[in-house]
There are 2 protein chains.
Amino acid sequence: MIKENVKDRIISAASELFYFDGYNQTGINKIIEKAEVSKDSMYRHFRSKEAIAVVYLEQRHKAWITDMTNYLSVKPAGQERVIAIFDYLNHWLSQVDYRGCGFQNIITDIPKNQNSIKEVVRKCKDDMLRFILDELNKTSSESMDTKEISNEIMVLIEGAIMLSQIQKANWPLVAAKKACERLLK
Amino acid sequence: MIKENVKDRIISAASELFYFDGYNQTGINKIIEKAEVSKDSMYRHFRSKEAIAVVYLEQRHKAWITDMTNYLSVKPAGQERVIAIFDYLNHWLSQVDYRGCGFQNIITDIPKNQNSIKEVVRKCKDDMLRFILDELNKTSSESMDTKEISNEIMVLIEGAIMLSQIQKANWPLVAAKKACERLLK
DNA sequence: TTTAAAACGTACAGACTTGTCTGTTTTCTG
DNA sequence: CAGAAAACAGACAAGTCTGTACGTTTTAAA
């Protein structure tokens with residue numbers, strides 16, 4: 001079997017370690033060991049550890065949005081699809097032992113100067129908010145303030161992910177879905 | 001002015017650094033420098049860095065609950081008080097540049113074996129959920145499932161805190177309050 | 001005043017951190 | 001086949017990390 005190229009192996013290894021062990025718990029030596037590349041190669045592909053994290057987040061976001069969109073594609077467009085986001089979260093998070101969101105987990109504890117990471121996280125969250133707003137605008141009545149409701153649903157999503165990680169249980173996801181349903185009535 | 005005792009100075013310094021800089025960005029040397037104590041003294045009071053974090057979280061929770069309870073005491077007991085939690089969050093978080101919740105920030109990225117920290121975080125969150133439930137039970141009609149609604153409000157709280165830190169803005173807090181008001185109708 | 005307790009200053013230990021560098025090897029391309 | 005590119009192995013640098021230890025000083029208590 002053809003070995004993945006060096007750059008992809010680095011991102012793949014880093015993604016796994018950053019997400020499951022934590023960004024700060026993951027050193028460069030752990031990454032190169034798991035990726036089976038040399039340190040010099042790694043630094044020829046990425047300027048710094050922060051640069052690796054930025055690519056990790058960007059790729060993670062793309063993959064996540066794609067996975068979620070695929071999951072939701074069997075649902076009718078609009079409000080039902082938005083409600084089903086919580087089913088998707090439940091499906092995904094139960095598979096990773098409620099380890100939570102890679103973006104939330106990284107932004108809470110990084111060196112002050114690693115602003116690229118903050119920018120990427122913010123951008124990806126904006127993207128998700130836009131997704132919700134677009135879906136709501138497909139089926140909502142003119143009288144509904146979809147902008148406002150999108151913000152509320154976004155807060156539910158972020159909270160459900162964080163709280164399910166803290167409690168290592170799915171009840172926050174279930175509660176969030178119910179709240180979402182009632183907010184959309 | 002009488003200098004605070006050693007133990008309190010350690011916790012005070014550690015609390016500031018853990019919260020604003022991050023648990024992983026804070027080394028033992030930073031703590032003892034800020035606290036103006038020797039390393040040996042520090043280790044005579046606390047078995048480990050993790051032990052310091054546990055005390056930090058416990059004391060932070062007590063202070064936070066007290067501060068919040070004082071803030072809310074001008075509100076009538078029950079639902080209005082629960083809704084006003086979001087005003088309190090806004091008041092507090094705008095003062096700390098939306099740095100978020102010390103508990104969320106620490107639980108996302110710690111060494112796997114530091115279970116004491118996870119236990120304390122979980123316990124404090126359970127405490128907060130109980131506070132919400134108790135308040136709701138003061139004024140809610142018998143037909144309201146206060147247990148369910150408490151869970152939903154708890155999710156809103158956690159989400160608003162996390163999202164306002166990501167975005168460095170208060171709109172998630174405002175949105176969460178509105179969602180809370182509508183859920184309580 | 002004396003003794004004990006508490007605290008200090010700092011060296012030390014061993015491990016880990018990010019990042020750089022150099023000679024060598026392997027792979028790719030013309 | 002030869003040369004360039006890519007990758008490698010691993011030493012090195014300088015710093016930081018948590019935690020221990022020891023002789024000394026300061027403070028508290030009897």
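Please read these numbers as outputs of a predicted model, since none were measured by experiment. Residue numbers start from 1 in every chain, and the chains themselves are labelled A, B, ... in the order their sequence lines are given, proteins ahead of strands.
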Asks: Just jot down the side chain to side chain donor-acceptor pair (under 3.5 Å) partners of A/Lys138, sequence neighbours excluded, or say none.
Replies: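 A/Lys138 satisfies side chain to side chain donor-acceptor pair (under 3.5 Å) with A/Glu135 once adjacent residues are dropped.
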Asks: To the nearest Å, give me how far apart CG (B/Asp40) and C1' (C/dT10) are.
Replies: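 Value for this atom pair: 11 Å.
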Asks: Which parts of residues 42-59 of chain A get close to DNA chain C, meaning a heavy atom less than 4.0 angstrom away?
Replies: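 Hits under 4.0 Å, by residue number: A/Tyr43, A/Ser48, A/Lys49.
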Asks: If the cut-off is 4.0 Å, is A/Ser41 near the phosphate of D/dA6, judged by side-chain N/O to OP1 or OP2?
Replies: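 Answer is no, no contact under 4.0 Å.
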Asks: Using atom NZ of B/Lys30 as one end and atom C1' of D/dC17 as the other, report the distance to the nearest whole Å.
Replies: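 From B/Lys30 NZ to D/dC17 C1': 13 Å.
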Asks: Just to verify, what does B/Glu181 make a salt bridge (Lys or Arg N to Asp or Glu O under 4.0 Å) with, not counting sequence neighbours?
Replies: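 For B/Glu181 there are no salt bridge (Lys or Arg N to Asp or Glu O under 4.0 Å) partners, ignoring immediate neighbours.
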Asks: Tell me: CG of B/Asn24 to P of C/dT17, nearest whole Å?
Replies: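 B/Asn24 atom CG is separated from C/dT17 atom P by 12 Å.
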Asks: How would you list all residue pairs meeting salt bridge (charged side-chain N to carboxylate O under 4.0 Å, His left out) that involve residues 24-35 of chain B, not counting sequence neighbours?
Replies: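 Sorted result for residues 24-35 of chain B: B/Asp21-B/Lys30.
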Asks: Quick check on contacts: within residues 105-120 of chain A, what sits under 4.0 Å from DNA chain C by heavy-atom distance?
Replies: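 The stretch gives none, as no residue of it lies under 4.0 Å from the strand.
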Asks: List for me each residue that meets side-chain contact (heavy atoms from CB on, under 4.5 Å) alongside B/Ile107, sequence neighbours excluded, and say none if there are none.
Replies: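 Per chain and number, B/Ile107 pairs via side-chain contact (heavy atoms from CB on, under 4.5 Å) with A/Ile166, B/Lys118, B/Val121.
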Asks: What integer distance in Å separates A/Ile28:CD1 from C/dT20:P?
Replies: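 Atom-to-atom, A/Ile28 to C/dT20, this comes out as 11 Å.
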Asks: Mind checking what makes salt bridge (Lys or Arg N to Asp or Glu O under 4.0 Å) contact with B/Lys185, not counting sequence neighbours?
Replies: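 Once residues adjacent in sequence are excluded, B/Lys185 has no partner under the salt bridge (Lys or Arg N to Asp or Glu O under 4.0 Å) criterion.
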Asks: Strictly below 4.0 Å: does A/Ser38 bring a side-chain N or O up to OP1 or OP2 of D/dC8?
Replies: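 For D/dC8, OP1 or OP2 has a side-chain N or O of A/Ser38 closer than 4.0 Å.
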Asks: Please determine whether the number of non-hydrogen atoms from other residues, nucleotides or ligands lying under 6.0 Å from atom NZ of A/Lys62 exceeds 12.
Replies: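 Not buried by this count: 12 neighbours or fewer within 6.0 Å.
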Asks: Show every salt bridge (charged side-chain N to carboxylate O under 4.0 Å, His left out) that has at least one partner inside residues 43-55 of chain A, sequence neighbours left out.
Replies: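 Listed by first then second residue: A/Asp40-A/Arg44.
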Asks: If a pair satisfies side chain to side chain donor-acceptor pair (under 3.5 Å) and one of its residues is in residues 65-74 of chain A, list it, with sequence neighbours excluded.
Replies: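 For residues 65-74 of chain A: A/Asp67-A/Tyr88.
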Asks: Can you tell me how far P of D/dA6 sits from CZ of A/Arg9, to the nearest Å?
Replies: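 Those two atoms, CZ and P, are 15 Å apart.
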Asks: Whole angstroms only, please: what is the CG-P distance between B/Asn29 and C/dA15?
Replies: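 These atoms are roughly 19 Å apart.
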Asks: What is the separation between atom CD1 on A/Ile32 and atom P on C/dT20, rounded to the nearest whole Å?
Replies: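 These atoms are roughly 14 Å apart.
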Asks: Listing time: all N or O pairs from protein to nucleotides 24-29 of chain D that are below 3.5 Å?
Replies:
none

Asks: Who passes salt bridge (Lys or Arg N to Asp or Glu O under 4.0 Å) against A/Asp87, sequence neighbours left out?
Replies: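 Partners of A/Asp87 under the salt bridge (Lys or Arg N to Asp or Glu O under 4.0 Å) test: A/Lys177.
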Asks: How many whole angstroms separate atom CG of A/Asp21 from atom P of C/dT17?
Replies: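 Roughly 11 Å, once rounded to whole Å.
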Asks: We want to know whether B/Asn170 and B/Ser164 form a side-chain donor-acceptor pair, criterion being a heavy-atom distance below 3.5 angstrom.
Replies: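 No.
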Asks: Identify, with sequence neighbours excluded, every residue that meets salt bridge (Lys or Arg N to Asp or Glu O under 4.0 Å) alongside A/Lys39.
Replies: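 For A/Lys39 there are no salt bridge (Lys or Arg N to Asp or Glu O under 4.0 Å) partners, ignoring immediate neighbours.
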Asks: Is there a donor and acceptor pair, one atom on the side chain of A/Lys39 and one on the base of D/dG10, closer than 3.5 Å?
Replies: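 There is none.
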